[in-house]
Amino acid sequence: MTTLDPETLRQIEALVPDERFARERPLLVLDVDDVLLHFVGPLLRYFERNGCTLRLETFRLFGNVFEIETGVAVENARVTALLDGFFHLQTDWQTPVEGAAQAVAKIAGKAEVVLLTAMPHRHRDTRRTFLDRIGLSYPLLTTQMAKGPAIRHLRGQSGRAVAFVDDMPHNLASARVSVTDSHLFHLIADNSLRPLLPELPQDTAIAMDWREAGDGIASALRL
Ligand SMILES: [Mg+2]
């Protein structure tokens with residue numbers, strides 16, 4: 001069993017539960033990049049501004065970034081640094097995914113909504129400020145480890161219904177292992193990337209946009 005990122009655990013313990021419902025409501029956990037905020041599109045443009053291009057022949061960052069001028073592959077350490085720079089400046093580059101704020105607002109009246117983003121912890125405040133500004137003021141957790149253990153801890157002991165939305169198959173797989181009865185949804189802001197994706201865990205529901213995702217989540221959580 002994979003372990004829970006200790007910093008994510010600290011963040012979960014610091015969440016103040018809604019007094020009216022405590023932790024009895026169904027739980028909806030949402031990824032941020034390419035679920036609530038466009039990610040790959042803005043990242044591509046950010047790389048180009050920095051003289052690099054991302055050739056998405058496979059669905060991975062490392063090994064797919066090349067210098068525009070020379071065509072030489074960019075080494076992993078520099079890709080990490082570029083990605084870090086992107087997260088630092090995310091507010092200037094990222095935009096909300098169409099329909100997300102409205103769909104989530106509808107669900108949030110009846111379920112506990114928590115955002116779980118795989119991003120270096122040090123960028124949490126930047127993302128928090130940005131999400132607040134665009135009407136996504138739900139609790140935000142960062143993790144640098146697997147997502148499944150964080151979702152299991154968020155659920156608590158009550159056995160309440162859990163839904164999880166992510167664009168990365170490995171995150172959905174991690175949720176499936178840690179919370180075996182979770183309702184998994186795959187949503188990716190840019191559907192043209194779907195053919196590049198590795199296989200999704202069995203019984204993952206595919207949502208092509210937030211209208212489909214909202215309906216599917218409401219039905220899975222019996223809202
Ligand atoms: Mg994502």
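Start at 1 and go down the list; that is how both ligands and their atoms are numbered.
Using a cut-off of 2.8 Å, one finds that Asp34 contributes no N/O/S atom close to the Mg ion (ligand 1). In summary, Asp166 places no N/O/S atom under 2.8 Å from the Mg ion (ligand 1), failing the contact criterion.
The O atom of Asp33 and the OD2 atom of Asp31 meet at the Mg ion (ligand 1) at an angle of about 90°, given to 10°.
The nearest N/O/S atom of Asp167 to the Mg ion (ligand 1) is OD1.
No cation-pi contact links Arg127 to Phe87, judged by a cut-off of 6.0 Å to the six-membered ring centre and 45° from its axis.
Around CD of Glu48, the count of heavy atoms belonging to other residues, nucleotides or ligands within 6.0 Å exceeds 12.
No side-chain donor from either of His186 and Thr204 sits under 3.5 Å from a side-chain acceptor of the other. Side chains of Thr58 and Asn64: a donor on one and an acceptor on the other come within 3.5 Å.
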